[in-house]
Amino acid sequence: MTHARKRSRRRRLALAAAVTLTAGSAYAVAQSSALAGVTSHPAQPGATGSPAPGAPGPTGKWISYTPGHLTYGQDAQGNRIPDYSAAGYAGGGVPLPTVPTNVTVPPPSGNDDTAVIQAALDKAAALPLDPNGFRGAVQLAPGKYQIAGSLTINASGVVLRGAGTDAGQTSLVAQNASARTLLTIGGDSRYQTLGTPQPVTDTYVPVGATSLTMQSTAGFKVGDQVVIERPTTQAWIDAIGMNGTWSPNWSLRSERTITAIQGDEITFDAPLTTALEKQYTQASVYHYSFPRINHVGIENLSSDGQAMAADPNYQKDFYNSGFAVFNAVEDSWVSNVTTHHYGDYGVALPSEQSRRISEVHTSALDMVTYLGTSARSFGYLLEGQQNLIQDCTLTAAKIHAFVTEGRQAGPNVFSHCTATTTDVSYDAGGHERWGSGTLYDDVNIQGSLLMVDNGTRGTGHGWSDANSTAWNCRTTGFEVQNPPTAHNWAIGCTGSALKGTDGELESAGTPVGPTSLYDEQLHERQAAAAKKP
């Protein structure tokens, strides 16, 4: 699918090392304290502080491992494999809360239940926030709710919960031959600069860095939320070979929390995933406003979108049906949700405006796409920054299985995910335009993993991945290329190294320990935090 059509469609439908969890983010500190009295879901893999099992290794240039400890190599400029563990709800490693029920929905009526469920969501949205940041859960009964329209959640602290995903438990069943998003969370937002941006004075800030030097830190303090903005320039576009394909009309905006200040140097809570190169661009740091809702959960239910496939424009519009999308939303989650017969973005799309979303224990089954056309939709699509899709299962005939779109500041993570299809020509990997800092972690794809320059294909997709890592991926084949000014890594991946591969390969064909890089990085970050006062 082309970038322009994807963006247009979504607008029609509704945007490193040794980081401490408790001290690294003032927001995380507040949430950790606030949630002290809230029960939580079973921990996600890695959230307990225990590393994933795995044999020692690798011992390559870029990374080596002895049980309990990762050692990172770097290139001459200091670039290294980033720490991806800040991806996920509340910055990663924080158990998902179980929110008390405040609104209940009657059992399915047998007719259209859209208005009844929307009224329950609106009722919950009108409740006051409790000290933990929640208004309450909307509890659905067992059975099949018919949804002829669409549902929305536009307030923080609202959870939509079913009775489970099995047959006879809670299902939202789409009605009408109209392709749409069944559930939209949040609206659109815009960045607003607060105060005067401070130029970054370093000549070069490498990938994986968690500190930089500013012209002045006056007016900044520990705990501040800031944007580190890296404008795209024509000089950089020329350097990476995208002249005539890309235009310098966008920036990478990394939202970070200041964890320490020393002189004019700041340290922040999650690494940069694209280098700041003064020869190509002048980066800056500033306070900002970007309103989002938060603490929204979708859990313990299933949904079926089969009726949408009868839309007469279904194929022409790239199977434009999806269960849920997160727009301007942060610190929220999807857990234990299964979808059937949708056409696009798996279970829930964390859009380009989202941040710190966890999508865990989900399945997108029997997605409705067709082999008789070249058009492919996205299975699990990951956008925004610090987002996590973990423990997911996908089945489809033809699909871009695990994919990102472009211009993402990362870090973003696919972990412990499996895709099975009847058409082995399908693929996974970044789709277009510098999907920066993605981890494909312990991912099993019955097809190819492509981290490449897509050139002028589509709308001029160009470099799809940059400074992304494939770790212990099982594929039929993988093609990993190094963009100019950046790297892509493939470590412990099985399958054939395809023609065109010139990226950073280690232990090709032989899986390494730990099984999951994300789990191990999270474990080591939490262990380091526990040792600090």
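Computed from a predicted model, the values in this text were never measured in an experiment. Both backbone and side-chain heavy atoms feed into the values below; hydrogens, waters and symmetry mates do not.
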> Are a donor atom and an acceptor atom from the side chains of Asp304 and His340 found within less than 3.5 Å of each other?
Replying inline: no
> If only atom types and distance count, is the side chain of Asp465 paired as donor or acceptor with the main-chain N or O of Gly430 below 3.5 Å?
Replying inline: yes
>> Do Gln225 and Thr257 pair up side chain to side chain, a donor and an acceptor below 3.5 Å, judged on atom types alone?
In response: yes
> Considering all heavy atoms of both residues, which atom of Phe220 and which atom of Val285 are nearest to each other, and what is their separation?
Replying inline: CZ-O, 4.0 Å
> Can you list the residues that meet the ring-ring contact (aromatic ring centres under 6.0 Å, His included) rule with Phe414, with sequence neighbours excluded?
Replying inline: Phe402, Tyr440
>> Which heavy atom of Val222 sits nearest to which heavy atom of Ala260, and what is that distance?
In response: CG2-CA, 3.8 Å
> Is the distance between the ring centroids of Tyr518 and His416 under 6.0 Å?
Replying inline: no
>> Show the nearest heavy-atom pair for residues Ile399 and Ser377, with the distance to one decimal.
In response: CD1-OG, 3.2 Å
>> Please tell me whether Trp333 and Glu299 have a donor and an acceptor in their side chains that are separated by less than 3.5 angstrom.
In response: yes
>> Please find the pair of heavy atoms, one from Thr165 and one from Gln169, that lie closest to each other, and give the distance.
In response: N-OE1, 3.2 Å
> Of the non-hydrogen atoms in Asn102 and Gly136, which two are nearest, and what is the gap between them?
Replying inline: ND2-CA, 3.7 Å
> Got a second to check how far Gln390's CD is from Cys392's SG, nearest 0.5 Å?
Replying inline: 9.5 Å
> Under 4.0 Å between a Lys/Arg side-chain N and an Asp/Glu carboxylate O for Arg292 and Glu255?
Replying inline: yes
>> Distance alone, cut at 3.5 Å: any donor-acceptor contact between the side chains of Asn336 and Asn300?
In response: yes
>> Check this for me: does any side-chain nitrogen of one of Glu229 and Arg253 sit under 4.0 Å from a carboxylate oxygen of the other?
In response: yes
> Is a side-chain donor-acceptor pair under 3.5 Å present for Ser354 with Asn387?
Replying inline: yes
>> Minimum heavy-atom separation for Phe378 and Met367, please, with both atom names.
In response: O-CE, 3.7 Å
> Between Arg180 and Asp311, is there a salt bridge with N-O shorter than 4.0 Å?
Replying inline: no
>> For the residue pair Ser436 / Thr274, report whether a side-chain donor-acceptor contact shorter than 3.5 Å exists.
In response: yes
>> Side chains of Thr114 and Asp112: any donor to acceptor distance under 3.5 Å?
In response: yes
> Does a donor on one side chain and an acceptor on the other come within less than 3.5 Å for Thr273 and Tyr84?
Replying inline: no
>> Can you tell me how the ring of Tyr89 sits relative to the ring of His295, calling it parallel under 30°, perpendicular over 60° and tilted otherwise?
In response: perpendicular
> Under 3.5 Å, side chain of Thr259 to main-chain N/O of Thr267, donor-acceptor pair present?
Replying inline: yes
>> Parallel, tilted or perpendicular: which one describes the rings of His431 and His461, with boundaries at 30° and 60°?
In response: tilted
>> Would you call the rings of Phe290 and Tyr191 parallel, tilted or perpendicular, taking 30° and 60° as the class edges?
In response: tilted
> Counting N and O atoms only, with roles assigned by atom type, does the side chain of Ser189 sit under 3.5 Å from a partner on the main chain of Pro291, one being a donor and the other an acceptor?
Replying inline: yes
>> Ignoring hydrogens and geometry beyond distance, is a side-chain donor-acceptor pair present between Tyr145 and Ser109 at under 3.5 Å?
In response: no
> Can you find a side-chain donor-acceptor pair between Asp441 and Ser516 that sits under 3.5 Å?
Replying inline: yes
For residues 117-128, which side-chain N or O atoms pair as donor and acceptor with protein atoms under 3.5 Å away, sequence neighbours left out?
residue: Gln118; atom: OE1; partner: Thr152; partner atom: N; Å: 2.9
residue: Gln118; atom: NE2; partner: Asp122; partner atom: OD1; Å: 2.9
residue: Gln118; atom: NE2; partner: Thr152; partner atom: O; Å: 3.1

